[in-house]
Amino acid sequence: MVGALRGVGPPPRERLRAMGLVLPLLVFLGVTFLAPLATMLMRSVHDPVVADALPATLAALREWEGEGLPSEAVYEAAARELGSAREARTLGQVAGRVNRLRSGLRSVFTRTARNIEDVTDGPWREAMAGLDSAWVDPGTWHAVRAAGERFTARHYLNAVDMQRLPDGSVAPQPEERRIYLPLLWRTLLVSLAITVFCLILGYPIAHLIAHAPPRRGNLLLALVLVPFWTSLLVRTTSWIVLLQTQGVINDLLVAIGLVGDDGRLSMVYNMTGTLVAMTHVLLPFMVLPLYSVMRSIPPLHMRAAASMGATPAQAFRRVYWPQTLPGVGAGSLLVFILAIGYYITPALVGGSSGQLISNMVAYHMQTSLNWGLAAALGALLLAGVLVLYLLYDRLVGVERMSLG
Amino acid sequence: MRTDPLARAVARTSACAAALVACLAGQATAQSITAVSYGGSYQKASTEAWFEPFTAATGIRVGVEDFTGGLAQIRAQVEVGNVYWDVVDLNASDVTLACDEGLLEYIDAETLPPGADGTLAAEDFAPGTLSDCGAGVVVWSTIYAFDARRFPGARPETIADFFDLEKFPGRRGMRRVPMANLEFALLADGVSAEEVYPLLDTPEGLDRAFRKLDTIKDHVVWWEAGAQPPQMLADGEVVMSTAYNGRIFNAQVLENQPFEIVWDGQLLDINQLAIVAGTPRVEEAMRLVRFASTAEALAALGRRISYGPVRASAAPLITTHLETGVEMGPHLPTHPPNMARALRRDWDWWVDNQDVLNERFSAWLAR
């Protein structure tokens with residue numbers, strides 16, 4: 001029995017050597033992919049800044065029922081901890097967190113912390129109220145208490161346009177701030193449309209390349225690959241030059257008299273621009289997997305089908321198409337996943353309707369520094385991709401995927 | 001607040017992997033520091049006016065990198081404890097934010113050099129251009145500009161004309177952020193400059209600004225990058241566009257474009273030099289900040305690009321454009337006639353309100 005098992009795999013030493021070869025990759029993946037991913041997921045639920053900076057205030061706030069003003073003990077703790085947070089230079093982060101829950105409080109915090117040093121003795125409530133009337137507004141304390149949760153679902157609620165009310169119930173955001181769900185929805189639709197366009201355009205091209213004589217095939221392949229190697233920004237701005245109202249295409253249409261000079265089409269800075277530019281940018285990711293799959297299909301199959309009486313349409317539908325499915329699946333998955341993460345192209349050519357969810361992720365990463373919300377939005381996208389992947393695995397089978 | 005050592009090590013490694021070059025540069029001698037700016041013509045001007053003369057005077061090499069603004073990279077460096085940027089050129093809101101967050105070193109205004117005429121630094125700098133963590137260097141502004149060829153008859157002269165589609169038909173370019181657009185909307189609606197921010201602080205005032213924006217929303221092409229407005233004007237894609245004044249100056253003077261700037265209602269802003277907290281080269285960084293904030297250095301910049309000086313004693317030193325000999329005065333946002341109806345951006349207000357307003361603006365755009 002043992003001997004039979006030993007016969008199955010390589011001996012331990014060789015297995016170890018094989019492991020050694022894979023180890024660098026595993027370490028690399030761990031450091032550059034798994035660890036950041038875990039950090040991101042952690043950040044979307046874990047936010048200890050306020051809890052660490054104002055422990056006594058939050059402890060005292062626990063006694064407060066949420067009606068009226070909190071007790072003098074809360075004010076005393078807050079006054080002391082604001083001062084020490086200022087000295088430790090964590091105040092800005094604390095104020096920023098609270099400001100997200102109730103805007104305007106950032107400057108209240110920093111101003112109070114600067115001036116509270118002059119106050120040496122209570123009553124603290126009057127002293128703080130004297131510095132800013134926001135301190136005698138229960139809303140301020142609700143915001144402090146909410147921001148003080150070490151583990152929180154706030155970012156996820158925010159990412160689906162919901163908020164937690166002071167009484168603990170969950171409600172939709174006010175209408176003028178509902179933005180993420182419509183954007184997520186639009187991102188999915190746009191990505192889906194681009195995937196379909198890429199498939200419609202890419203399939204015949206891939207077929208042509210795969211079954212052309214080698215010289216012509218190589219030339220065609222180069223036509224696909226050269227744009228693929230060109231900088232994304234260059235390609236995007238070239239589309240602006242082509243599509244804008246005073247651009248090449250409109251000039252051409254006016255010159256041949258198809259549209260009047262005052263009837264120039266607006267094809268960029270709107271959804272049309274996004275769809276055209278992104279389809280072009282992502283097309284190679286569809287063509288290459290399709291090409292590699294199609295090349296492996298012997299032309300003999302189609303001829304055999306024809307010899308058995310199939311019309312070209314029947315032969316395509318029943319013989320050729322099923323064999324290209326792994327390429328179709330891989331290409332579509334690749335294009336879709338890349339499309340939902342794009343943000344430079346839609347930002348440049350998209351106009352007012354060109355904002356996608358990834359633009360908001362970039363905004364929260366770079367400008368508002370609300371990394372928790374950016375992480376929550378990213379996690380939602382990741383979940384979407386995983387669902388899609390599982391669906392694909394169910395329908396087509398991941399082992400049949402061919403990326404070329 | 002710091003993450004555990006393992007996560008830190010991991011983060012540090014990945015940060016290094018992402019910026020391998022910068023990490024290697026960071027290991028070099030202390031006689032070299034890294035300054036960060038926005039690329040393009042402004043960075044070229046600051047390199048010639050500040051960084052190269054600084055190296056010549058002190059022997060300290062200055063590596064220049066570009067970024068697109070924002071604090072994300074600075075925060076990442078400080079949190080991970082691996083600071084490879086030393087001096088950063090930031091706008092005033094970002095300095096306020098970053099200073100509160102502990103991302104920047106304090107800069108003592110008293111150590112800044114006196115003015116060209118010997119006045120103390122604290123008196124020579126315009127009010128509000130020095131802060132706890134930043135030394136002001138340039139005044140720039142958001143204005144709107146138009147293509148003169150498009151308006152052979154009456155020309156736009158006031159900020160209200162920007163919103164007047166009947167008198168001046170055609171598409172407008174605006175930056176896709178609430179900042180500046182809300183101020184312009186209220187000014188165009190007849191609000192005086194002093195009243196703009198108090199009014200924006202009320203829900204009614206905000207609604208009023210958005211209502212005014214509603215009136216031109218369908219005719220707006222939104223831009224993201226500062227290079228876009230002059231391009232869109234040159235292409236005829238828009239007939240007028242909000243823009244940064246230096247970019248329009250470049251197009252006017254270096255590319256001979258028939259653009260004109262409307263200074264009425266211009267929104268003034270300042271940029272400051274700041275030092276990233278925890279840099280091991282803080283001494284050298286401080287020397288660079290002092291060097292670049294002398295009146296002579298500010299004037300050297302002002303003769304290369306049309307951004308105004310923040311020091312009174314630097315203004316008379318800015319004479320003509322070095323390359324073309326154009327008189328610089330009338331092109332500067334701080335030129336008295338240009339200041340007639342200028343609004344100073346209230347960066348504290350924006351620091352408080354930008355998160356909420358950005359969401360509201362995005363939702364408004366999507367409707």
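Only heavy atoms go into these numbers, but all of them, side chains included; no hydrogens, no water, no symmetry mates. Convention: sequence-line order gives letters A, B, ...; per-chain numbering from 1.
Using a 4.5 Å cut-off between heavy atoms, B/Val351 contacts chain A through both its backbone and its side chain. With a 4.5 Å cut-off on non-hydrogen atoms, A/Met42 does not touch chain B at all. With a 4.5 Å cut-off on non-hydrogen atoms, B/Gln228 touches chain A through its side chain but not through its backbone. Proximity to chain B (any heavy atom under 4.5 Å) is restricted, for A/Thr110, to the side chain, taken from C-beta onward. For B/Asp235, the parts lying near chain A are the backbone and the side chain together; criterion is any non-hydrogen pair under 4.5 Å. Contacts between A/Asp47 and chain B at a heavy-atom distance below 4.5 Å are absent for every atom of the residue. In this structure, chain B has no heavy atom under 4.5 Å from any part of A/Phe109. In this structure, chain A has heavy atoms under 4.5 Å from both the backbone and the side chain of B/Glu237. For B/Arg176, the part lying near chain A is the side chain, with the backbone staying farther off; criterion is any non-hydrogen pair under 4.5 Å. Contacts of A/Arg186 with chain B are made by side-chain atoms alone, with heavy-atom separations under 4.5 Å and no backbone atom involved.
When side chains are defined from C-beta on, B/Arg175 does not count as touching B/Pro229, because their heavy atoms never get closer than 4.5 Å. B/Arg360 places a side-chain heavy atom less than 4.5 Å from the side chain of B/Phe210. Side chains of A/Leu105 and A/Val144 form no contact here, defined as non-hydrogen atoms less than 4.5 Å apart.
In this structure, A/Glu175 places its CD atom where only 12 or fewer heavy-atom neighbours from other residues, nucleotides or ligands lie under 6.0 Å away. Environment of OH in B/Tyr38: crowded, with over 12 heavy atoms of neighbouring residues, nucleotides or ligands closer than 6.0 Å.
Contacts with chain A were tallied for B/Leu365, B/Asn358, B/Asp348, B/Val356; B/Asn358 has the most, counting heavy-atom pairs under 4.5 Å. Contact tally against chain A (heavy-atom pairs below 4.5 Å) for B/Thr96, B/Asp94, B/Val221: the top residue is B/Val221. The candidate with the highest count of non-hydrogen atom pairs below 4.5 Å against chain A, out of B/Ala98, B/Gly70, B/Cys99, is B/Cys99. Contact count versus chain B (heavy atoms, under 4.5 Å) is highest, among A/Ser368, A/Ser107, A/Pro174, A/Ala51, for A/Ser107. Chosen from A/Gln244, A/Gln173, A/Arg100, the residue pairing most often with chain B at heavy-atom distances under 4.5 Å is A/Gln244.
With B/Trp347 as the aromatic partner, B/Arg344 meets the cation-pi criteria of under 6.0 angstrom to the ring centre and within 45 degrees of the ring axis. For the pair A/Arg89 and B/Tyr106, the cation-pi criterion (under 6.0 Å, within 45° of the ring axis) is fulfilled.
Salt bridge status for B/Asp355 with A/Arg106: absent, with no side-chain N to carboxylate O gap under 4.0 Å. With respect to A/Arg86 and B/Asp100, no salt bridge is recorded, no charged nitrogen being found less than 4.0 Å from a carboxylate O.
A distance of 10.5 Å separates CZ in B/Phe146 from CG in B/Leu233, rounded to the nearest 0.5 Å.
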